[in-house]
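Quick note on labels: first sequence line is chain A, next is B, and so on, each numbered from 1. Predicted, not measured: the structure shown is a model, and the values here were computed from it.
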2 protein chains.
Amino acid sequence: MIKKNIPQKTIDRLAIYRRYLEYASEETAGRHFITSADLSKGTQVSAAAIRRDLSCMGQLGRRKIGYNIDRLCNSINSVLGLNKKWRVALVGAGNLGKALMMYRGFRKLGFEIVAVFDNARLKIGKKWLEIKIQDIRHIKDNVSNKRIEIAIIAVPFKVAQATADLLIESGIKAILNFAPIGLKVPDNIKLRSVDLATELANLSYFLTKKIR
Amino acid sequence: MIKKNIPQKTIDRLAIYRRYLEYASEETAGRHFITSADLSKGTQVSAAAIRRDLSCMGQLGRRKIGYNIDRLCNSINSVLGLNKKWRVALVGAGNLGKALMMYRGFRKLGFEIVAVFDNARLKIGKKWLEIKIQDIRHIKDNVSNKRIEIAIIAVPFKVAQATADLLIESGIKAILNFAPIGLKVPDNIKLRSVDLATELANLSYFLTKKIR
DNA sequence: CGATGTGAATAATTTCACAGCG
DNA sequence: CGCTGTGAAATTATTCACATCG
């Protein structure tokens with residue numbers, strides 16, 4: 001609805017609020033409204049930041065009462081584009097790929113993995129949840145035929161860039177990358193990366209610092 | 001060495017530089033020095049930001065030549081606390097847990113999973129890479145006996161907070177959380193969270209926005 | 001010369017604090 | 001009154017631009 005550009009940080013937090021509202025049914029049970037103070041307790045984001053974030057979506061709150069929970073969820077879903085189904089390709093049928101495939105949270109959010117690819121003979125042809133694992137060479141046909149817009153890369157880092165290039169050539173628009181490498185993609189492709197080792201390195205820094 | 005507080009963002013990027021230097025052996029092969037401009041090309045971080053980040057660790061560079069690659073790696077490892085071994089506990093022996101267990105990148109960075117826990121009868125007693133999966137009730141003994149400082153939570157969200165509480169009670173100092181919930185932990189515990197659904201929601205936002 | 005390291009300028013984000021409204 | 005929404009201030013992060021030095 002609102003057309004202003006919403007800051008990246010706000011987008012990240014909108015997803016957090018959304019998740020809290022979805023899962024924290026106990027705390028919000030029976031209530032129709034939630035205040036920024038309560039949402040702050042549930043999410044560890046300051047109440048002021050919450051109000052500013054939510055104000056990006058228009059005037060949703062009611063003074064003295066707070067935000068209508070249903071309306072808030074709807075607004076966030078609408079802004080984040082979660083009120084539609086997204087067709088997702090998964091590349092890499094290793095342990096991580098399997099974990100992602102079996103994760104129910106994706107489907108609940110509207111993300112459906114409709115194609116799985118790998119390059120290993122042993123895996124090609126097997127089925128995961130009714131989806132047949134296909135040879136990576138078929139990416140191009142599939143992505144365009146099935147109109148897939150999002151891809152998840154869960155392949156070893158050595159082949160990650162080539163995989164990304166192939167996906168982009170196939171018309172993918174966004175990539176969630178789990179390979180430990182900084183992928184290079186054109187400006188019009190949206191990329192998010194999750195690097196597990198980097199996350200641990202971060203913890204390591206804080207543990208080290210604390211000692212002295 | 002340098003004792004100033006390093007910004008969180010810089011810490012994140014130091015891990016990125018480190019990863020690039022480690023993996024990009026082709027680009028850096030034979031060379032002993034790298035300039036901020038080259039590092040910028042490899043990591044998509046601006047050269048100015050790189051120089052400022054690196055200057056947090058002291059005067060590492062040489063004008064006209066750049067940064068000595070070995071020395072740079074050593075400095076980053078030292079700051080990030082990656083020049084020692086970390087003993088890690090993994091809680092949750094599902095698909096994601098297995099993927100994390102089998103991921104070699106952790107061990108290469110110095111993180112060794114030395115204990116695995118689950119609450120499912122069927123899994124307890126099985127072995128993963130010589131590590132026996134133990135009943136979650138044994139967390140407390142193990143964490144203190146084996147002097148484990150870092151835990152990875154890969155359990156369903158409903159039991160994630162209880163798991164975190166138990167770990168903290170057991171003396172863990174840092175947690176990497178994969179459960180889709182905002183864990184509440186005391187100030188002295190360092191927490192990082194990876195929420196796969198949130199990452200996808202972010203892509204979804206940009207795809208949606210692009211359309212109009 | 002050619003690259004670093006860093007003040008100074010700029011931009012982005014967060015917090016403060018309170019007017020305004022039901 | 002009690003809460004939102006938001007200017008204004010404060011803080012944090014990034015970029016610019018150049019003095020500096022081998």
Side-chain angles (χ1 to χ4, degrees), chain A residues 1-17 21 27-28 31-73 75-76 79 202 205-206, chain B residues 1-17 21 27-28 31-76 79 182 202 205-206:
Chain A
M1 288 174 181
I2 298 310
K3 285 287 158 294
K4 268 183 312 184
N5 253 354
I6 300 179
Q8 168 68 56
K9 294 271 191 91
T10 293
I11 295 300
D12 288 338
R13 284 190 300 256
L14 287 180
I16 290 173
Y17 308 147
L21 292 171
E27 277 106 57
T28 59
R31 307 204 87 288
H32 287 191
F33 287 83
I34 189 168
T35 65
S36 58
D38 288 344
L39 202 43
S40 175
K41 268 193 227 113
T43 59
Q44 340 283 306
V45 178
S46 80
I50 289 174
R51 291 201 300 277
R52 198 171 288 281
D53 285 342
L54 298 186
S55 75
C56 289
M57 303 187 296
Q59 310 229 144
L60 289 171
R62 285 177 53 187
R63 286 151 209 260
K64 192 167 164 208
I65 295 180
Y67 300 85
N68 179 288
I69 292 175
D70 286 345
R71 188 166 172 224
L72 190 48
C73 286
S75 293
I76 295 177
V79 167
N202 214 291
Y205 166 71
F206 281 93
Chain B
M1 286 173 181
I2 298 310
K3 285 288 157 296
K4 269 183 310 183
N5 252 353
I6 301 179
Q8 169 67 56
K9 294 274 191 88
T10 294
I11 295 299
D12 287 339
R13 285 190 299 253
L14 287 180
I16 290 173
Y17 308 147
L21 293 172
E27 278 106 60
T28 60
R31 309 204 86 288
H32 286 192
F33 287 84
I34 189 167
T35 65
S36 58
D38 289 345
L39 203 43
S40 173
K41 268 194 229 111
T43 60
Q44 341 281 307
V45 178
S46 79
I50 289 174
R51 290 201 302 277
R52 198 171 288 282
D53 285 343
L54 298 187
S55 74
C56 290
M57 303 187 296
Q59 307 228 146
L60 289 172
R62 284 176 54 186
R63 287 154 208 259
K64 191 168 168 209
I65 297 180
Y67 300 85
N68 178 287
I69 294 176
D70 286 344
R71 188 166 173 225
L72 190 49
C73 286
N74 285 336
S75 293
I76 295 178
V79 167
N202 214 291
Y205 165 71
F206 282 93

Please table the atom pairs, donor to acceptor, closer than 3.5 Å between any side-chain atom in residues 33-42 of chain A and protein atoms at least two apart or in another chain.
| residue | atom | partner | partner atom | Å |
| --- | --- | --- | --- | --- |
| A:T35 | OG1 | A:A37 | N | 3.4 |
| A:T35 | OG1 | A:D38 | N | 3.1 |
| A:S36 | OG | A:R51 | NH1 | 3.2 |
| A:S40 | OG | A:V45 | O | 2.7 |

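Counting to the nearest Å, the P atom of D:dC3 and the CG atom of A:L60 are 18 Å from each other. Residue A:R62 contributes atom CZ, which lies 12 Å from atom P of D:dG5 at whole-angstrom precision. Rounding to whole angstrom units, CG of residue A:L72 and C1' of D:dT4 are separated by 13 Å. Taking atom NZ of residue A:K64 and atom P of nucleotide D:dT4, one finds them 13 Å apart after rounding to whole Å. Rounded to an integer number of Å, the gap from CZ of A:F33 to P of D:dT4 is 11 Å. The distance between atom CD1 of A:I34 and atom C1' of D:dT4, rounded to the nearest whole Å, is 14 Å. Rounded to an integer number of Å, the gap from B:I50 CD1 to C:dA3 P is 14 Å. The distance from atom CD1 of A:I65 to atom C1' of C:dG22 is 8 Å, rounded to the nearest whole Å.
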Readout for nucleotides 9-18 of chain D: B = base within 4.0 Å of protein heavy atom, S = sugar-phosphate only, - = neither; 5' to 3' it is ----SBB-B-

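A heavy atom closer than 4.0 Å to some atom of DNA chain D occurs in A:T35, A:S36, these being the qualifying members of residues 35-43 of chain A.
Here the CG atom belonging to A:D12 is positioned 10.0 Å from the CG atom belonging to A:D53, to the nearest 0.5 angstrom. Taking CG of A:L60 as the start and CZ of A:R71 as the end, the distance is 5.0 Å to the nearest 0.5 Å. To the nearest 0.5 angstrom, A:Y17 atom OH is 6.0 Å from A:T43 atom OG1. Put simply, CG on A:L14 and OG on A:S75 are 10.0 Å apart, with the number rounded to the nearest 0.5 Å. Taking CE of A:M57 as the start and CG of A:L72 as the end, the distance is 5.5 Å to the nearest 0.5 Å. With rounding to the nearest 0.5 angstrom, the CG atom of A:L21 is 4.5 Å from the SG atom of A:C73.
Between B:T10 and B:R52, every side-chain heavy-atom pair lies at or beyond the 4.5 Å cut-off. Between B:Q8 and A:F206, the closest side-chain pair of non-hydrogen atoms falls below 4.5 Å.
As judged by a 4.0 angstrom heavy-atom cut-off over every strand, A:L54 is placed among residues making no nucleic acid contact.
Applying the 3.5 Å distance criterion, the base of D:dT20 shares a donor-acceptor pair with the side chain of B:R63.
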